[in-house]
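First the structure, in the form of structure tokens, and then the observations on it.
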Number of protein chains: 2
Amino acid sequence: MDSDSAADGFTAMGSTARLDVLRALVRAGPAGRPVSDIQATLGIPASTLTHHLKALADAGLIIQEKTGRSIISRANYDQLEALAAFILSECCSEEGRNHG
Amino acid sequence: MDSDSAADGFTAMGSTARLDVLRALVRAGPAGRPVSDIQATLGIPASTLTHHLKALADAGLIIQEKTGRSIISRANYDQLEALAAFILSECCSEEGRNHG
DNA sequence: TCCATATTTCGATAGTCCTAGAAATATCGA
DNA sequence: TCGATATTTCTAGGACTATCGAAATATGGA
């Protein structure tokens with residue numbers, strides 16, 4: 001995980017609307033949820049929801065798969081774990097240094 | 001940790017410049033670093049750096065303390081841990097449900 | 001083919017954010 | 001008080017973002 005893709009990931013989580021969508025998918029587990037189902041739960045207009053889902057997918061936080069007329073979105077747990085671990089990685093590695 | 005303050009925290013981490021500043025502080029450990037020291041390491045103009053530090057402080061990700069002419073910034077490890085934990089909290093709690 | 005369902009693309013508006021130079025403020029030492 | 005150091009505030013422009021209605025696209029069934 002490099003700094004740039006981590007920042008992309010955090011940007012994607014950095015709006016209430018998008019974080020709510022992501023968490024709905026995290027709660028749903030590996031089965032994921034279709035767009036229309038998320039929309040019914042959160043009450044976001046379809047075009048806005050598509051926009052946010054694309055942002056989450058571009059950042060690698062979710063994975064989308066088309067089945068029939070539906071698109072199933074799933075949380076990308078590996079990526080989410082990597083981001084969570086990134087926050088405090090290298091913690092205190094320079095503790096006590098006066099220069100550098 | 002509610003969704004709104006989590007989103008604020010992730011927004012603060014959602015730019016490369018700011019994430020680099022935060023990580024410099026995470027690496028530094030509890031001793032923290034003065035602004036001028038961060039500036040020397042990262043090469044960011046002072047006014048830009050102040051702007052980013054304020055954003056990080058407003059989101060509760062860092063804590064600033066004035067000592068003499070310097071301001072020491074420290075990572076707020078409790079808040080960072082809470083954000084890391086938030087990402088996957090409630091994971092799969094609705095797994096298997098078809099409605100709701 | 002025709003219709004209903006599911007989702008995306010387009011387009012436009014309003015608002016927010018990043019960056020950074022210049023000027024201002026605060027602190028310490030001589 | 002004067003100067004050096006440390007940091008913030010002011011200001012501004014260009015870039016990016018969120019929102020969402022309307023129109024378009026894709027799929028499956030009758």
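Here is the naming used below: chain letters follow the sequence lines, and residue numbers restart at 1 for every chain.
- Hydrophobic clustering (ILVMFWY, side-chain heavy atoms < 4.5 Å, transitive): A:Phe86 and A:Tyr77 are in one cluster.
- Of all the residues in residues 4-22 of chain A, A:Ala17, A:Arg18 reach under 4.0 Å from DNA chain D with at least one non-hydrogen atom.
- B:Asp8 and B:Thr11 are not linked by any side-chain donor-acceptor pair at a separation below 3.5 angstrom, with hydrogens and angles left out of the test.
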What nitrogen or oxygen pairs link the protein and nucleotides 3-10 of chain D at under 3.5 Å?
unit_1	atom_1	unit_2	atom_2	d
D:dA6	O3'	B:Arg69	O	3.0
D:dT7	OP1	B:Val35	N	3.3
D:dT7	OP1	B:Ile71	N	2.9
D:dT7	OP2	B:Ser36	N	2.6
D:dT7	OP2	B:Ser36	OG	3.0
D:dT8	OP2	B:Thr50	OG1	2.7

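- Atom CG of A:Leu61 and atom CG of A:Leu80 lie 5.0 Å apart (nearest 0.5 Å).
- Atom OG1 in B:Thr41 sits 11.5 Å away from atom CG in B:Asp20 (nearest 0.5 Å).
- Taking side-chain N and O atoms only, A:His52 has no distance below 4.0 Å to OP1 or OP2 of D:dT17.
- With hydrophobic clusters built from ILVMFWY side chains whose heavy atoms lie under 4.5 angstrom apart, B:Leu25 does not share a cluster with B:Ile72.
- Rounded to whole Å, the distance from CG on A:Asp58 to C1' on D:dC16 is 15 Å.
- At least one cation-pi condition fails for B:Arg18 and A:Phe10: the charged atom is not both under 6.0 angstrom from the six-membered ring centre and inside a 45 degree cone around its axis.
- Note that CG of B:Leu56 is 9.5 Å distant from CG of B:Leu49, once rounded to the nearest 0.5 Å.
- Interatomic distance, CD of B:Gln39 versus OG of B:Ser47, reported as 9.0 Å (0.5 Å rounding).
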